[in-house]
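Here is the structure we will look at, set down as structure tokens.
Proteins get letters first, then strands, A, B, ... in listed order; numbering begins at 1 in each. What you are looking at is a predicted structure, and each value in this text was computed from that prediction instead of being measured.
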2 protein chains.
Amino acid sequence: MTKERMVNRIIGAGLKNTKYRVNIIEMLSKTDELVSAQEIYNRLLKKSIFINLSTVYRTLDILVDNKILNRVTIEGEKQSFYEYNRDIHHHFLICRGCNKIIPIYDCPLEDYEQKLKSESGFVITGHRVEFYGYCDECRKNLI
Amino acid sequence: MTKERMVNRIIGAGLKNTKYRVNIIEMLSKTDELVSAQEIYNRLLKKSIFINLSTVYRTLDILVDNKILNRVTIEGEKQSFYEYNRDIHHHFLICRGCNKIIPIYDCPLEDYEQKLKSESGFVITGHRVEFYGYCDECRKNLI
DNA sequence: ACGCAAATGCAAATCATTTGCATCTAAATT
DNA sequence: AATTTAGATGCAAATGATTTGCATTTGCGT
Ligand SMILES: [Mn+2]
Ligand SMILES: [Mn+2]
Ligand SMILES: [Zn+2]
Ligand SMILES: [Zn+2]
């Protein structure tokens with residue numbers, strides 16, 4: 001993911017090319033972690049990038065609206081998380097021990113959605129799936 | 001669900017039997033809707049039951065801790081919703097048009113969880129699944 | 001009826017997120 | 001290159017759901 005491609009995605013969405021937008025896209029495109037707004041702010045600060053927290057929020061909103069990022073909400077967590085949108089349908093495995101969030105690039109629901117559609121009359125436009133449990137490491141610490 | 005059984009669930013959990021706890025359990029046990037704390041407050045008010053909103057929250061917390069109710073969070077909604085816990089594993093179908101939430105008493109993930117367990121080394125303790133789309137009625141209004 | 005721990009009411013605090021408004025900047029236009 | 005202006009940003013204050021501290025009340029065992 002070159003800086004040029006990021007700028008192209010920003011401009012392509014009809015947005016102004018600003019350093020903070022590039023910074024945020026850059027950070028998220030380099031990880032598959034889910035990162036909160038506050039954590040984005042903290043990580044930028046660590047790199048001496050002085051963005052205002054409300055600009056972080058506004059930037060995230062706009063980038064989500066333009067499908068450059070995804071907003072993800074996790075059961076039991078009050079803040080939202082963000083990830084770079086790679087246009088790869090996926091779900092999450094979430095450790096209740098260490099709060100690690102692991103993406104799963106696999107979907108068990110494709111067939112089921114068809115079934116649901118015919119049974120319910122609903123037009124299904126998407127779904128969300130999360131698995132909860134304990135990762136290898138945390139499992140060991142469960143006494 | 002008789003009032004006596006509700007009182008038994010409360011006492012069985014080691015809690016004091018109070019009118020508000022019974023009122024809230026009673027309300028939720030009579031519907032399969034997901035209801036927010038504020039909406040619970042409003043519905044009680046309509047029946048001239050004058051509970052304080054913070055008591056609603058505290059009661060919900062305790063009843064969730066004691067597995068008498070379930071707390072449910074919905075993608076894109078900031079408040080939590082509550083349902084009576086019937087100990088029946090289920091998921092939800094959510095209409096993006098009218099925000100109707102329909103429980104689905106069926107689970108497409110039982111086999112998949114096993115697979116995931118062996119592949120990831122995770123101990124899986126639960127999952128969450130939601131389907132989003134448009135119900136019959138709202139589909140018609142989609143131009 | 002008495003005593004105490006638990007439950008409640010009320011007001012204030014908290015926390016993530018949003019907003020109003022003044023100022024600044026990207027980038028289109030002269 | 002200077003000018004213009006819509007859109008972006010900073011800052012402080014507002015918001016909305018939820019939580020908390022503390023005084024008062026209530027359920028329930030004695
Ligand atoms: Mn899927
Ligand atoms: Mn299931
Ligand atoms: Zn873990
Ligand atoms: Zn609908």
Rounded to whole Å, the CD1-P distance (B/I74 to D/dA17) equals 16 Å

Open item on the list: D/dA8, OP1 or OP2 - any side-chain N/O from A/T59 closer than 4.0 Å?
Closed with: no

**Message:** On the nucleotide C/dT8, are OP1 or OP2 found under 4.0 Å from the side-chain N or O atoms that B/T18 carries?
**Reply:** yes

Quick note, A/I51 side chain, CB onward, closest among D/dT20, D/dT9, D/dG10 is D/dG10

| field | Check: A/R58 side chain, C/dG20 base, donor-acceptor under 3.5 Å | value | yes

Between CG of B/N23 and P of C/dA7 the distance, given in whole Å, is 16 Å

Original post:
At under 4.0 Å between heavy atoms, what does A/F50 touch on the DNA or RNA strands: base, sugar-phosphate, or nothing?
Top reply: sugar-phosphate

B/I49 CD1 to C/dT8 P, in whole Å, measures 13 Å

Exercise. Output yes when a side-chain donor or acceptor of B/N85 lies under 3.5 Å from a complementary backbone atom of B/N70, and no otherwise.
Key: no

- OP1 or OP2 of D/dG27 less than 4.0 angstrom from a side-chain nitrogen or oxygen of B/N17, does that happen here? no

A/Y132 ring centre to A/R96 NZ or CZ under 6.0 Å, with the angle to the axis within 45°?
yes

Atom CG of A/D61 and atom P of D/dA8 are separated, to the nearest Å, by 12 Å

- So, is A/T55 close to the D/dG10 phosphate, meaning a side-chain N or O under 4.0 Å from OP1 or OP2? yes

B/L53 atom CG is separated from C/dT8 atom C1', nearest whole Å, by 13 Å

| query | Does a nitrogen or oxygen in the side chain of A/Y57 sit under 4.0 Å from OP1 or OP2 of C/dT17? | reply | yes

To the nearest angstrom, the CD-C1' distance between A/Q38 and C/dT14 comes to 14 Å

Per nearest nucleotide of DNA chain D, the residue lying toward the 5' end, B/S80 or A/Y20, is A/Y20

Side-chain atoms of A/K78 come closest, of C/dT18, D/dC11, C/dA16, to C/dA16

Measuring centre to centre across the rings, with the benzene-like ring taken for any Trp, is A/H89 within less than 6.0 Å of A/H127? yes

Of the candidates D/dA8, C/dA16, C/dA6, the side chain of B/K16 sits closest to C/dA6

*Just call it for B/S54: base, sugar-phosphate, or nothing, with non-hydrogen atoms closer than 4.0 Å on any strand.*
base

When rounded to whole Å, the CD1 to P distance for the pair A/I11 and C/dA26 reads 12 Å

message: Check whether A/T55 reaches the backbone of A/I51 with its side chain - one donor and one acceptor, N or O, closer than 3.5 Å.
response: no

Taken to the nearest whole Å, CG/A/L15 to C1'/D/dA6 is 13 Å

When you measure from the side chain of A/R86 to the backbone of A/S29, do you find a donor-acceptor pair of N or O atoms at a distance under 3.5 Å? yes

